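Have a look at the structure below before the remarks.
Please read all numbers here as calculations on a predicted model, not as lab measurements. Every chain is numbered from 1, with letters handed out A, B, ... down the list of sequences.
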Protein chains: 2
Amino acid sequence: MNMDSIEQAKLENTGFSYILSLINGKYKITILYYLTAFDVVRFNEMKRYIDAVSFKTLSLSLKELESDGLIIRNEYPQIPPKVEYSLAARGKSLIPILEAMCEWGEFHKTTAREM
Amino acid sequence: MNMDSIEQAKLENTGFSYILSLINGKYKITILYYLTAFDVVRFNEMKRYIDAVSFKTLSLSLKELESDGLIIRNEYPQIPPKVEYSLAARGKSLIPILEAMCEWGEFHKTTAREM
DNA sequence: CGGGATCCATTAAGATACTG
DNA sequence: CAGTATCTTAATGGATCCCG
């Protein structure tokens, strides 16, 4: 994170802005979290885990995560349909970050908020 | 991240949902990022770094980060006013996560998105 | 300079019904 | 089951003016 001037400090085209663009959206990190915990999750199963999300938002988020290469969509051509989502290699490489966030939250959620 | 059932899988009141609630909002992580990089940043200076943000959103985000104990607002009662923001201890403890995100992004932004 | 207040625009997200 | 389509609502952000 070496920055010497305001010009260099601009976030455009940095790795940081890149990762932010991938995990924006209310439920994306949550989706990744469940895929980390359960490895393979079906559409309606994910909907049950995150019951606040709507079909539309879930569907859109999964599509974006897939096109960003973070998750894999595996469709079984059968009746009734079956679609499984799992982490792609890129997504798996995010696990340490997700776990660090989880641990940070566990540790700090009970801590007093004062400085 | 041990989860054995759907019931336990619900995110309410977990550390993970807690940290998500702190860093939601389009620019909060970015603000923390700049405070990590520059230690002490004034209001308009921050506005210049993140030039896409509006005064209102920046102001609101800083206030929320402050009330969540992540940053410290230091006001100098002078004319013209001067207000400096810096990371609180809680905020500093997030630095490893921010750096991990940064590194992940740097490494993956150029990588092909294919599986 | 560092905001607050107000009003407006844009975007994200939700509800519901429907389909292969 | 795994979505899509449509419509509606909520959340977020932006522009502008103002003040100590």
Starting at atom [atom1] of [X], determine the distance to atom [atom2] of [N], rounded to an integer number of angstrom.
X        : N       : atom1 : atom2 : result
Leu60(B) : dG14(D) : CG    : P     : 12 Å
Arg48(A) : dG3(D)  : CZ    : P     : 13 Å
Asn74(B) : dG2(C)  : CG    : P     : 13 Å
Glu84(B) : dC1(C)  : CD    : C1'   : 13 Å
Lys63(A) : dA5(D)  : NZ    : C1'   : 11 Å
Asn24(A) : dA13(C) : CG    : P     : 8 Å
Leu65(A) : dG3(D)  : CG    : P     : 13 Å
Gln78(A) : dG20(C) : CD    : C1'   : 14 Å

Taking only side-chain N and O atoms of [X], does any of them lie within less than 4.0 angstrom of OP1 or OP2 on [N]?
X        : N       : result
Tyr27(B) : dG14(D) : yes
Arg42(B) : dC1(C)  : no
Ser59(B) : dG4(C)  : yes
Arg73(A) : dG3(D)  : yes
Lys47(A) : dG3(D)  : no

Carboxylate-amine/guanidinium proximity below 4.0 Å for Lys82(B) and Glu84(B): yes
Residue met sooner reading DNA chain D from 5', once Lys82(A) and Lys26(A) are mapped to nucleotides: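 Of the two residues, Lys82(A) wins.
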Among the nucleotides [options], which one has an atom lying closest to any side-chain atom of [X]?
X        : options                 : answer
Phe43(B) : dG3(C), dT4(D), dG14(D) : dG3(C)
Thr57(A) : dA13(C), dA2(D), dC1(C) : dA13(C)
Lys56(A) : dT4(D), dG14(D), dT6(D) : dT6(D)
Ser54(B) : dC1(C), dG13(D), dG3(D) : dG13(D)
Phe55(A) : dT4(D), dA2(D), dG20(D) : dT4(D)

Neighbour count >12 (heavy atoms, 6.0 Å) for atom NZ, Lys28(B):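 Atom NZ in Lys28(B) is crowded, with more than 12 foreign heavy atoms closer than 6.0 Å.
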Flag if over 12 foreign heavy atoms under 6.0 Å of NZ, Lys47(B): yes
Residue pair Leu62(B) / Phe43(B), side-chain heavy-atom distance below 4.5 Å: yes
Closest-nucleotide ordering on DNA chain C, the 5'-leading residue of Ala52(A) and Pro81(A): Ala52(A)
Distance, nearest 0.5 Å, that separates OG of Ser61(A) from CD1 of Ile50(A): 8.0 Å
Separation between CD of Glu45(A) and OH of Tyr85(A), rounded to the nearest 0.5 Å: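 Those atoms lie 12.0 Å apart.
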Sugar-phosphate only, base, or nothing, as touched by Tyr76(A) at under 4.0 Å among non-hydrogen atoms: nothing
